[in-house]
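What you see is a predicted model; the values in this text were computed from it and never measured. Chain identifiers are assigned alphabetically (A, B, ...) following the order of the sequence lines, protein sequences preceding nucleic acid strands; residue numbering begins at 1 within each chain.
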Amino acid sequence: MLPSASDLMGIVLAFAVPCIVLVTVMPRYISFLRAKGSVASDVHKPGAPKVATPAGPMLVLALVLGEAAVYLVHESTIPVVVVEVAVFAGAIGLYDDLKGLGGIVKPALMALVAVPLIVEQQANQSLYTAQLYFPFFGSTGTHFIIFAILIIAAMPVASNAFNMLDSFNGEISGFTLIASASLIIGIVMRGYVTAGFNWDRLAATLPLAAVALCFYFYNRYPARIFDGDSGSLMFGATFATLAILGGVEIAALVAVIPAVINSYYIILSVRGFVEHKKMGARPTYLGEDGKLHASDQPGAPTTLVRMILLGEPRSEKELVNFILVLALFAGVLSVLTSAITWLR
Amino acid sequence: MKTRNIYGLMVIVSVAWLLIVAESYFFVAVIRPEGPNLHGGPIPSTVLKLMLTAGLGLLWVGVMFALDTFYTRSRLTPTSAS
């Protein structure tokens, strides 16, 4: 089913509004944070320069205004749910940025972020279908309770996977952009083959991609601002929500395989949920050659970055480009997954 | 620019993806027909289906662990007598 003129207007506004907000406000917000002394050391560069942080509140604002544009065009519940999740996740992340949360408390709180999705489904049964669509082999039956349990589990997994990948300039913004682009393609494929598909599901996905794209220009090497946990947790929770609302959960899981593998290896190597500030050793160190090296300390966690750097030291810019190549590879597999799910 | 590590990681991502596709086949073709819907079926059938599904998750975790071990060892083992 093809989108109507009104659907197309929603799609354009959903992308344009967050971009306009970020491009207009972010430079002033960076100056504001620096003047206030809200900065963090960029430890992966010689001299550890100070960088403004956190961008999270501004990213949430841009996303909310993008979703508001979708709501004005479609008058749908979908953008409302996305806003609820993004604001809730952003608030937990901001508390973590300002006061700090424990390694267990953070995922526990992120599980609560799933509440709007579950409650709103009770009021509006068409919000999403409580079933998973698998590639090639069809779907599961409809099980609201089991699906609700999966949503509660997915929210901390996704948000913490994004959070754990957020270490280098442009890493999380580039990764989110690529992953959400894969999600958008999957939703377009689903919309194309599904009769009566509501294109507000696609429009509601665009603000996340727009925020990630515009933020990338401020966050890429050399970063002018860090997103903070308020940004990365919001990115992860919003991504999971959009995957559920779009009915493309399996393709979304494939798109974030690099982040899932990264967090799985970290949890396995440090034997549990340990806040990165409390880890015994860092996974990488800055060498005298100005390049990043994999740490050879026994207690250093295994991360995706450490695996990339094993025996091959790299500059930060080179390293992030490699991670984004890996994200692009997973994105291609995700699109392939959507194709074999919906276009078979 | 050295690219050996990125190819190794692409293999890990590909295996993770293939496992998701293959396990989804096992889930739909083998586990799902094992009994009626979870909320309508007897407890032994429900437990069996949940245990088989958990087994798929454990298989994914085990394979990823094995790949990490293999990848790390292959990168830390000297390949030439320099």
Side-chain angles (χ1 to χ4, degrees), chain A residues 132-146 149 153 250-251 253-262 264-265 267-269 294 296 302-315 318-319 321-334 336-337 340-341, chain B residues 1-33 35-41 46 49-50 53-54 56-58 60-80 82:
Chain A
L132 291 171
Y133 296 91
F134 290 109
F136 288 125
F137 318 113
S139 64
T140 62
T142 306
H143 302 279
F144 179 73
I145 293 172
I146 294 171
I149 293 169
I250 304 294
L253 173 66
V254 173
V256 297
I257 282 177
V260 172
I261 288 175
N262 178 57
Y264 164 65
Y265 286 150
I267 291 166
L268 196 71
S269 58
D296 49 8
T302 303
T303 65
L304 190 65
V305 165
R306 191 173 173 220
M307 291 169 82
I308 291 173
L309 294 174
L310 277 174
E312 294 181 8
R314 296 178 195 286
S315 67
E318 214 179 19
L319 170 71
N321 285 342
F322 266 76
I323 292 169
L324 296 186
V325 167
L326 205 61
L328 205 57
F329 181 68
V332 170
L333 293 178
S334 167
L336 194 59
T337 306
I340 58 180
T341 304
Chain B
M1 185 189 294
K2 293 182 197 170
T3 54
R4 198 168 66 115
N5 285 3
I6 200 78
Y7 293 130
L9 287 167
M10 280 179 174
V11 169
I12 294 179
V13 171
S14 302
V15 171
W17 176 68
L18 284 172
L19 274 174
I20 289 171
V21 174
E23 289 189 354
S24 67
Y25 169 74
F26 189 84
F27 180 80
V28 174
V30 179
I31 298 177
R32 223 186 132 196
N37 287 346
L38 291 189
H39 52 74
T46 301
K49 287 170 84 171
L50 288 176
T53 307
L56 292 179
L58 286 175
W60 194 90
V61 167
V63 171
M64 287 297 109
F65 177 72
L67 283 174
D68 170 41
T69 308
F70 177 74
Y71 175 92
T72 307
R73 279 188 189 158
S74 70
R75 294 303 183 269
L76 293 178
T77 307
T79 51
S80 64
S82 55

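Heavy-atom distances place the side chain of A/Leu253, and not its backbone, under 4.5 Å from chain B. Both the backbone and the side chain of B/Leu9 come within less than 4.5 Å of a heavy atom of chain A. Both the backbone and the side chain of B/Phe65 come within contact range of chain A, with heavy atoms under 4.5 Å apart. Residue contact with chain B, scored on non-hydrogen atoms closer than 4.5 Å, involves the backbone and the side chain of A/Ile308 alike.
In this structure, the side chains of B/Tyr25 and A/Phe134 stay at 4.5 Å or more apart for every pair of heavy atoms.
Here B/Ile12 contributes atom CD1 and A/Leu304 contributes atom CG; the two are 8.5 Å apart, rounded to the nearest 0.5 Å. Note that the CG atom of A/Leu310 and the CZ atom of B/Arg73 stand 13.5 Å from one another [nearest 0.5 Å]. A distance of 9.0 Å separates CD in A/Glu312 from CD1 in B/Ile6, rounded to the nearest 0.5 Å.
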Query - B/Met64/A/Leu268 under side-chain contact (heavy atoms from CB on, under 4.5 Å): CA gap, chis, key distance, verdict - result: CA-CA 11 Å; B/Met64 287 297 109; A/Leu268 196 71; over 6 Å; no

Query raised in the report: Checking side-chain contact (heavy atoms from CB on, under 4.5 Å) for the pair A/Thr302/B/Tyr71: CA distance, chi angles, key distance, verdict?
Result: CA-CA 12 Å; A/Thr302 303; B/Tyr71 175 92; over 6 Å; no

Query raised in the report: Between B/Leu67 and A/Ile261, is a side-chain contact (heavy atoms from CB on, under 4.5 Å) present by the stated rule, with each step listed?
Result: CA-CA 11 Å; B/Leu67 283 174; A/Ile261 288 175; over 6 Å; no

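Across all non-hydrogen atoms, the minimal contact from B/Trp17 to A/Thr337 is NE1-OG1, 2.7 Å. B/Val61 approaches A/Tyr264 most closely through the heavy-atom pair O-OH, 2.7 Å.
Ranked by heavy-atom pairs under 4.5 Å with chain B, the first of A/Val254, A/Val260, A/Leu333, A/Ile145 is A/Leu333.
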